[in-house]
Amino acid sequence: MNITISDTKHALGEKASKAGVQAIKQAMREKSEIAIIVATGASQFEMLDCLIKEDIDWSRVTIFHLDEYIGLDETHPASFRRYLQERLVDKLPTPHQFIGVNGSAADIGKEIQRLNEIISQYEIDVCFAGIGENAHLAFNDPPADFHATSAYLVVNLDEDCRRQQLGEKWFASLDEVPKQAISMSIPQIMRSKSLILSIPDLRKARAVKNTLEGEITPRVPASIVQNHAQCQIFLDKDSASLLSKVD
């Protein structure tokens, strides 16, 4: 892992975006079309703001979506599909293809089958992601399944995860936060050639320490990234404040 600590969230987002663009352009030198994964949530605001300003031929990029709440319509303010459409896809000059996750599909099983069939046709070049306050990766809450055979799957959201969504003001009350989601699995995320993790804020400091300095365990889902050959971690001073091995 390569760890970069910035003074501010904006600087973190800029550096994470630059690293991702470098990986994207390297992939583009090797093949005509590439595929990336893009995460959502408050941790990605600054990175996405920088990414959309970069000089990338987006007509050659297929964008996959990490996760979505089950039962939440795309019009809801907390919809991650809506988030990516508004913050990324609609702002790109020539988007090639965005594979969104439909959590409000009438048949969730068929939606997962659709997603699995599509992503099986692609090699993922870059995955932009973050981690949760409970160290979840995508919506894989602890204990995460490190050996899932499906690229996308239905997951149950634990209370810590749901309280994080409430704390970030995506919902007005805990009762409104869905209890299930469609999430990309840990093995599928780990198959990405390059991982770019943006993790700001003091509230993530304990999860960062457990992820980077603790044992690799399903109880700390993001700890699995210690095994990834091309993982770059971008922190701010707050999120890095509990680390003992990084200056």
What distance do [X] atom [atom1] and [Y] atom [atom2] have between them, rounded to the nearest 0.5 Å?
X	Y	atom1	atom2	answer
I124	F64	CD1	CZ	5.0 Å
D49	K9	CG	NZ	11.5 Å
Q26	K31	CD	NZ	11.0 Å
I186	L153	CD1	CG	9.5 Å
L72	S104	CG	OG	8.0 Å
I24	D57	CD1	CG	11.5 Å

Answer yes or no: does atom [atom1] of [X] have more than 12 heavy-atom neighbours from other residues, nucleotides or ligands under 6.0 Å?
X	atom1	answer
Q22	CD	no
K169	NZ	no
K193	NZ	yes
E176	CD	yes

Quick check against the 3.5 Å criterion: does [X] have a side-chain atom that pairs as donor or acceptor with the backbone of [Y]?
X	Y	answer
Q226	G214	yes
R162	V177	yes
D141	D158	yes
K204	G132	no
S194	V126	no
N140	M184	yes
D236	T8	no
Q232	M1	no
R191	A151	no
T211	A207	yes

How close do [X] and [Y] get, counting heavy atoms only, and between which atoms?
X	Y	result
S185	S150	OG-O, 2.7 Å
R203	A42	NH2-CB, 4.1 Å
E111	N102	OE2-N, 2.9 Å
L12	L235	CD1-C, 3.1 Å
S43	P200	CB-CD, 3.6 Å
A172	L166	C-CD1, 3.8 Å

Residue of the set I37, L115, V101 for which side-chain contact (heavy atoms from CB on, under 4.5 Å) holds with H65
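It is V101; the other options fail the test.
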Evaluate the side-chain contact (heavy atoms from CB on, under 4.5 Å) criterion for residues W58 and I63: first the C-alpha distance (whole Å), next the side-chain angles of each, then the deciding distance (0.1 Å), finally the verdict.
CA-CA 9 Å; W58 290 101; I63 303 170; 4.2 Å; yes
Would you say the side-chain atoms of E33 and T62 include a donor-acceptor pair closer than 3.5 Å?
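Side chains of E33 and T62: no pair found under 3.5 Å.
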Ignoring hydrogens and angles, state whether a donor on the side chain of S198 or E46 is under 3.5 Å from an acceptor on the partner side chain.
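S198 vs E46: no donor-acceptor pair found between side chains.
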Sequence neighbours excluded, every pair satisfying ring pair (Phe, Tyr, Trp, His ring centres under 6.0 Å) that has a member inside residues 171-223:
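As it turns out, the ring pair (Phe, Tyr, Trp, His ring centres under 6.0 Å) pairs with a partner in residues 171-223, which skip direct neighbours, are Y69-F171, H76-F171.
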What I'd like to find out is whether the side chain of [X] reaches to under 4.5 Å of the side chain of [Y], using heavy atoms alone.
X	Y	answer
V220	N210	yes
S17	L51	yes
L92	I56	no
H10	C50	yes
H228	L195	yes
E133	D160	no
I216	F146	yes
I3	L212	yes

Do the ring planes of W170 and F80 sit parallel (below 30°), tilted (30 to 60°) or perpendicular (above 60°)?
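W170 vs F80 ring planes: perpendicular.
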Stepwise side-chain contact (heavy atoms from CB on, under 4.5 Å) test for I233 and T4
CA-CA 6 Å; I233 313 286; T4 300; over 6 Å; no
Just do the side-chain contact (heavy atoms from CB on, under 4.5 Å) check on L202 and S241 with the steps written out, would you?
CA-CA 8 Å; L202 184 62; S241 60; 3.5 Å; yes
Would a hydrophobic clustering, with Ile, Leu, Val, Met, Phe, Trp and Tyr connected at side-chain separations under 4.5 Å, put F45 with M47?
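Yes, because F45 and M47 connect within a single hydrophobic cluster, where side-chain heavy atoms sit under 4.5 Å apart.
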Report whether I5 and L242 are members of the same hydrophobic cluster (ILVMFWY, side-chain heavy atoms less than 4.5 Å apart, transitive linking).
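In one cluster: no.
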D73 vs R82, test: salt bridge (charged side-chain N to carboxylate O under 4.0 Å, His left out). Steps then yes/no.
CA-CA 9 Å; D73 188 83; R82 172 179 174 174; over 6 Å; no
Show your reasoning for whether side chain to side chain donor-acceptor pair (under 3.5 Å) applies to S79 and E68.
CA-CA 7 Å; S79 165; E68 181 62 283; 2.9 Å; yes
Quick one: do I182 and I70 satisfy side-chain contact (heavy atoms from CB on, under 4.5 Å)? Show the steps, please.
CA-CA 6 Å; I182 297 174; I70 289 178; 3.9 Å; yes
Salt bridge (charged side-chain N to carboxylate O under 4.0 Å, His left out) between E86 and K91, intermediate numbers included
CA-CA 7 Å; E86 294 179 347; K91 295 184 178 182; over 6 Å; no
